[in-house]
Structures are given as C-alpha cells and as structure tokens.
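To start, the structure itself, in structure tokens.
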Amino acid sequence: MIGRLLWVDDEIDMLRAHILFLQSRDYEVLTASNGQDALDIVQKTDLDLILLDENMPGLSGLETLDRIKDLRPAIPVVMVTKNEAEDLMEQAIGAKIADYLIKPVNPLQVLMSLKKNIHEREIRQEKTSEAYRQDFMRIGSRISEGLEFEEWKELYKRLVRWELELTEAESSGGPMADMLRMQKEEANQAFAKYIKKNYEEWVNGGEHPLLSPEIFKTQIFPRLSEGKKVFLLVLDNFRFDQWRMLSQELAEDFDMEEDLYCSILPTATQYARNAIFAGLMPRQIKEMYPHLWVDEEEDESKNQNEEDLIRLQLERYRRKETFTYHKLNDSHAADRLLSSWSSQMHGEPLHILVVNFIDILSHARTESQMVRELAGGEAAYRSITQSWFRHTPIKDLFRQLAGQDYEIIITTDHGSIRVDQPSKVVGDRNVNTNLRYKLGKNLQYAAKEVFECRQPARFHLPQPNISTAYIFATGERFFAYPNNYNYYVQYYRDTFQHGGVSMEEMLIPLITLRPKKR
C-alpha cells in the first residue's frame with residue numbers, strides 16, 4: 001500500500017470503477033456516502049488524503065470539511081464538485097483545501113491529485129536529485145575552465161539554486177546535499193585562485209567588476225539625477241541564498257531585478273561598508289578623513305561614522321540632495337522608525353537604512369549554544385532570516401513603500417561562510433581577532449592556505465606599521481592559534497564567519513525593487 005484514502009460521495013457506488021483503478025495502483029480506498037460516516041472514519045483511522053464531494057444531503061461538503069479540519073487539520077482534502085461557482089471555490093480555498101476537481105472526474109485526474117498531495121516530496125526529491133546528478137559534471141567542468149567574473153556570478157547563482165532545491169527536496173540532508181557542499185568547496189578554491197590573480201589589478205583601476213566603493217556612483221547617483229526617489233536598504237552580512245528566501249516575502253508587491261557585485265577585502269564591516277558609504281577604498285578613507293577612520297586595535301565601534309561618510313561622498317560628487325540615515329539593531333528601533341516614517345518619507349529624495357540583524361544573528365550563533373541549535377545549518381540559518389523578515393517591522397515598512405514611488409535598492413557590505421577547516425596562524429598580541437582575516441607584524445601561517453597581502457598599499461588598505469601584512473582565509477578555513485588549539489577549533493568550527501575570500505562573502509546581492517502597478 002502506498003497510501004490510504006477516504007472517498008466521501010453520496011453516489012459512491014457509481015465510482016466503483018475509479019476505486020478499482022486506484023486499488024490497482026496499490027492505494028487502500030475507504031468509502032463513505034455521507035458526511036457523518038466520513039467523520040466517524042476520520043476520528044478512528046489514519047488517512048493520507050480525503051476526496052470529498054461538495055453536494056451531499058445532510059452535512060454538506062463544506063460543513064464536513066470544516067469538521068474534518070477540527071479533527072485532523074493536517075490531512076489534505078480534495079474537494080470534488082459539479083458546481084463551478086466562483087464563490088464556492090473561494091469558500092473551499094479559504095478553508096484550505098489541497099485541490100479542487102470538477103465532476104465528472106476521470107481516474108487520471110484523481111491520480112494526479114494524489115501524486116501532488118501525497119507523493120510530491122518523494123517525487124520532487126527523486127527528480128531534483130536526478131537533475132543535480134546530471135548537472136554535477138557540467139558544473140565541475142565549468143569550475144575548471146578559468147571563468148571571468150560574470151561567469152563566476154552565474155555559476156554561484158546556479159549553485160545557490162541547487163542548494164535551495166536540494167534543501168527543499170531532502171529537508172534533513174542527503175547524499176546530493178553532501179555532493180553539493182563538496183562541489184561548493186571546490187568552486188571556492190578555484191574562486192580564491194581567481195581573486196589572487198585579479199584582485200590587485202581590479203582595485204588599481206584595471207578592468208574590474210562593480211566594487212564596494214562604486215555603489216553610490218553607479219547605483220544611487222544616476223537614479224537621483226533622473227529625478228527618482230531612492231530607498232537604500234543595507235542588510236549587514238547578507239548572502240544571495242538568504243535574499244532568495246526573502247524575495248518570496250516581497251514578490252507579491254514588487255518587480256525585482258537581481259544582480260551580484262563584488263565586496264572588497266577584507267569582507268568585513270569596517271572596510272566594506274565604510275567603502276560603500278565613503279565611495280573610497282579603506283586607505284583613502286584613513287588618509288582623507290583620519291578622524292572618521294577607527295583602527296583595528298581601538299575599542300570603539302568601527303562603523304560609527306557612516307552618516308558623515310555619506311554626506312562627504314555627496315559633497316565630493318557635488319550632489320545637492322538631502323538624505324535620511326537610520327541604523328537598526330533591534331525590533332524596538334524598527335518600531336520607532338516605522339511610527340515616524342510616514343512623516344519623513346515625503347521629504348528627502350534619498351533614504352538610507354542599515355539593518356544589523358543578520359550580522360547579530362551570525363555572532364549570536366557563535367556565542368550561544370541555544371542559537372546554534374536553532375540555526376544549526378545553512379537551511380536553518382536561511383529559515384531564521386526569512387522568519388525574522390516575515391515578522392519584523394521592516395516587512396511593514398516595505399508594505400508602505402509598495403504604495404510609494406520609490407526605487408528600492410537592497411544590498412549588503414559582505415556575506416559569510418560556514419567554516420570547517422582550521423588553519424594555524426601565529427602573531428603578536430596586537431593581531432586582530434577576526435577569524436577570516438588577520439593583519440599584523442611577523443605573521444606566521446601556511447602560505448598555500450591564504451591570500452597574502454604583504455604590501456597593503458598596493459591593495460589600498462591601511463598599514464598601521466611598515467611591516468604590517470594582511471592574510472585572508474580561503475574556502476571553509478578559519479584561523480586558529482596554536483595556544484589552546486583544540487578548544488579554539490571546537491568552539492569556532494561550524495560557525496558563520498566573514499572577512500576572507502569565498503563566493504559567499506564576496507559575490508553579494510544587489511537588488512532593485514519597483515512597486516508593482518496594480
């Protein structure tokens with residue numbers, strides 16, 4: 001038996017041929033000729049699906065449906081009816097039926113509904129696994145071809161697509177998900193080689209992809225020059241796979257244009273986000289505005305001067321537009337912003353909102369065992385991000401924006417990667433604490449496991465001392481000190497970190513939303 005059904009119809013005897021057809025396909029079919037008998041069976045029997053006639057004497061189909069939902073809300077119910085009235089369909093859909101069939105039904109229609117509502121997961125798992133297995137070799141071949149940046153973007157999108165589809169199909173993980181993780185690691189190692197080869201030329205004016213300091217120049221200013229109103233949302237530590245989850249919450253109200261751009265190194269807020277808001281590389285920020293740059297060894301916040309950097313960038317480009325700037329660290333701050341937003345949104349042409357929730361979640365997952373349990377893997381991490389957005393006041397803000405004439409840009413400063421492989425590094429006590437990049441004097445490390453930057457000026461990075469060097473972790477590696485090594489590795493393994501070189505950290509969302517015209 002591959003499924004147990006209950007078919008409820010006051011003319012059940014006339015459906016004997018249909019029932020025999022389903023029994024021949026190894027379904028057990030129970031029958032009832034009225035709503036009350038059906039409810040008695042539902043109370044006593046485990047069922048996979050109910051086929052329910054809408055027009056019956058006594059309890060009607062909709063009345064029976066309502067009582068079934070009280071008794072066994074999880075059982076899918078397929079409504080079968082001769083009545084094609086729109087209001088009846090809406091009532092049934094509102095009562096959360098699984099499907100709707102119009103009489104006379106043929107056996108294949110019924111079989112299709114069963115496959116959709118009982119066997120969908122296993123069919124999807126089988127077909128998705130088969131499709132990825134066929135694509136596995138093609139992706140592997142692409143990884144080894146020496147891709148250019150646009151090709152890396154498309155490859156990463158393809159890997160994210162498979163990750164989301166396999167997660168949905170295999171829910172608790174499976175062999176294809178393991179294959180994909182190995183393939184992503186292979187891709188990240190090739191991507192690191194690509195970055196090592198090209199990054200220095202990019203930041204020194206050679207042909208290059210869109211980088212962090214160019215976001216305002218290429219994405220914000222042209223829209224303002226066209227007289228458009230712009231809303232910029234910067235979600236700290238936001239990845240493309242997380243965007244794909246959030247996009248489901250926005251698809252009803254907005255048309256979407258997806259792209260990826262490249263974060264500068266280090267892929268950390270102090271460098272990448274300040275570069276966005278200043279329109280400058282980190283070394284330029286420190287040289288031009290030393291009072292606005294906070295060095296690594298200083299205790300104060302590294303991103304406390306963002307509003308000043310935005311204002312200075314506008315002035316450098318001789319922009320006359322005024323703007324609002326807000327930074328949200330919790331839901332209370334979001335509530336306060338939302339309560340006052342309607343009075344603010346009609347003034348300035350540019351609104352900038354920074355939201356730190358995802359970054360806070362990433363750090364909390366490292367430090368809290370409970371949060372680590374809740375966000376145990378990639379899928380759970382995405383799910384929590386989606387749940388947060390669904391229930392945060394930020395979602396309400398988007399509902400307001402959907403009714404306004406704004407172009408909305410959603411982006412981030414960097415992404416993060418789930419780390420697994422420790423890489424030993426030795427340095428003096430002044431070395432920074434980030435697990436994916438280090439800067440300091442006399443660093444000792446395995447050169448093959450990092451992207452080295454021994455001359456920071458060539459990469460437009462601050463150089464606190466003449467012998468300061470930077471190193472960036474690649475792949476799934478994280479830096480660990482030899483002292484108390486085993487404890488350190490155990491504590492940080494399987495956490496989400498950023499600062500280094502990976503597709504997840506560097507290939508990051510750049511999304512344009514436009515309200516749908518109703």
Side-chain angles (χ1 to χ4, degrees), residues 1-128 167-172 174 248 383 387 390-391:
M1 181 186 72
I2 61 173
R4 179 182 289 130
L5 322 176
L6 170 62
W7 199 326
V8 188
D9 196 301
D10 61 322
E11 298 176 333
I12 195 68
D13 291 338
M14 299 179 65
L15 298 169
R16 189 59 51 194
H18 292 64
I19 292 168
L20 290 173
F21 172 79
L22 294 176
Q23 289 173 337
S24 73
R25 295 299 184 105
D26 206 21
Y27 289 96
E28 179 183 347
V29 185
L30 307 178
T31 62
S33 59
N34 60 77
Q36 188 56 58
D37 288 348
L39 294 173
D40 291 340
I41 294 172
V42 169
Q43 279 187 310
K44 300 172 184 176
T45 312
D46 291 329
L47 299 166
D48 295 301
L49 183 138
I50 299 170
L51 292 157
L52 179 62
D53 184 24
E54 178 270 325
N55 186 20
M56 297 185 297
L59 284 177
S60 71
L62 287 174
E63 290 171 328
T64 304
L65 173 63
D66 187 53
R67 298 193 189 184
I68 288 170
K69 289 299 179 182
D70 284 338
L71 293 171
R72 298 287 187 91
I75 299 176
V77 178
V78 176
M79 185 70 78
V80 185
T81 181
K82 293 179 182 177
N83 192 338
E84 298 184 48
E86 186 177 352
D87 63 330
L88 178 65
M89 292 184 185
E90 289 179 353
Q91 288 183 61
I93 292 168
K96 298 184 179 178
I97 60 167
D99 208 347
Y100 200 101
L101 301 179
I102 304 296
K103 288 184 176 181
V105 296
N106 67 56
L108 288 177
Q109 278 182 297
V110 177
L111 184 63
M112 285 296 294
S113 188
L114 300 186
K115 287 185 178 294
K116 173 184 172 183
N117 292 289
I118 300 178
H119 309 295
E120 182 180 16
R121 177 172 289 278
E122 58 219 65
I123 292 171
R124 183 182 297 157
Q125 178 174 342
E126 179 184 345
K127 295 302 181 184
T128 303
T167 296
E168 186 177 356
E170 297 187 335
S171 69
S172 59
Q248 299 170 21
S383 179
S387 179
R390 182 177 294 162
H391 302 290

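When each of L108, L15, V29, N106 is checked for a side-chain contact (heavy atoms from CB on, under 4.5 Å) with F21, only L108 meets the rule.
Among residues two or more places apart in sequence or in another chain, the side-chain contact (heavy atoms from CB on, under 4.5 Å) test is passed with N55 by none.
For the side-chain hydrogen bond (donor to acceptor under 3.5 Å, both in side chains) condition, the pairs that include at least one residue of residues 6-25, sequence neighbours left out, are D9-K103. Sorted by first and then second residue, the salt bridge (Lys or Arg N to Asp or Glu O under 4.0 Å) pairs with a member in residues 28-46 read R4-E28, D46-R72; sequence neighbours excluded.
I75 contributes atom CD1, which lies 11.0 Å from atom CG of L5 (distance to the nearest 0.5 angstrom). The line from CG of N117 to NZ of K115 is 12.5 Å long, rounded to the nearest 0.5 Å. In this structure, I118 CD1 and L49 CG are separated by 4.5 Å, a value rounded to the nearest 0.5 Å. Residue L6 holds its CG atom at 8.0 Å from OG1 of T45, rounded to the nearest 0.5 Å. Taken from CE in M56 to OG in S60, the straight-line distance is 7.0 Å, to the nearest 0.5 Å. Note that the CD atom of E54 and the CD1 atom of I97 stand 10.5 Å from one another [nearest 0.5 Å].
Among all heavy-atom pairs drawn from S113 and D99, the shortest one is OG-OD2, 2.9 Å. The minimum heavy-atom distance linking A32 with I41 is given by the pair CB-CD1, 4.2 Å. Here the closest non-hydrogen pair linking Y100 and V78 is N-CG1, 4.5 Å. What you find for L52 and G61 is that their closest heavy atoms are CD2-O, 3.3 Å. Minimum heavy-atom separation, D53 to M79: C-SD, 4.3 Å.
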Notebook entry, point to check: Should L51 and V8 be marked as a side-chain contact (heavy atoms from CB on, under 4.5 Å) after you check the CA-CA gap, both sets of side-chain angles, and the distance that decides it?
Noted result: CA-CA 6 Å; L51 292 157; V8 188; over 6 Å; no
Item checked: Step-by-step side-chain contact (heavy atoms from CB on, under 4.5 Å) determination, L62 to D66 -> CA-CA 6 Å; L62 287 174; D66 187 53; over 6 Å; no
Next item on the list: Tell me, with the steps shown, if I102 and V105 meet side-chain contact (heavy atoms from CB on, under 4.5 Å).
Entry: CA-CA 6 Å; I102 304 296; V105 296; over 6 Å; no
Next item on the list: Could you please spell out the steps behind the side-chain contact (heavy atoms from CB on, under 4.5 Å) verdict for I19 and T31?
Entry: CA-CA 9 Å; I19 292 168; T31 62; 3.6 Å; yes
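For the pair L39/L59, a side-chain contact is recorded, criterion being any heavy-atom separation below 4.5 Å from C-beta on. Side-chain atoms of V110 and V80, non-hydrogen and from C-beta on, never get closer than 4.5 Å to each other. For the pair I2 and L114, the minimum side-chain heavy-atom distance is 4.5 Å or more.
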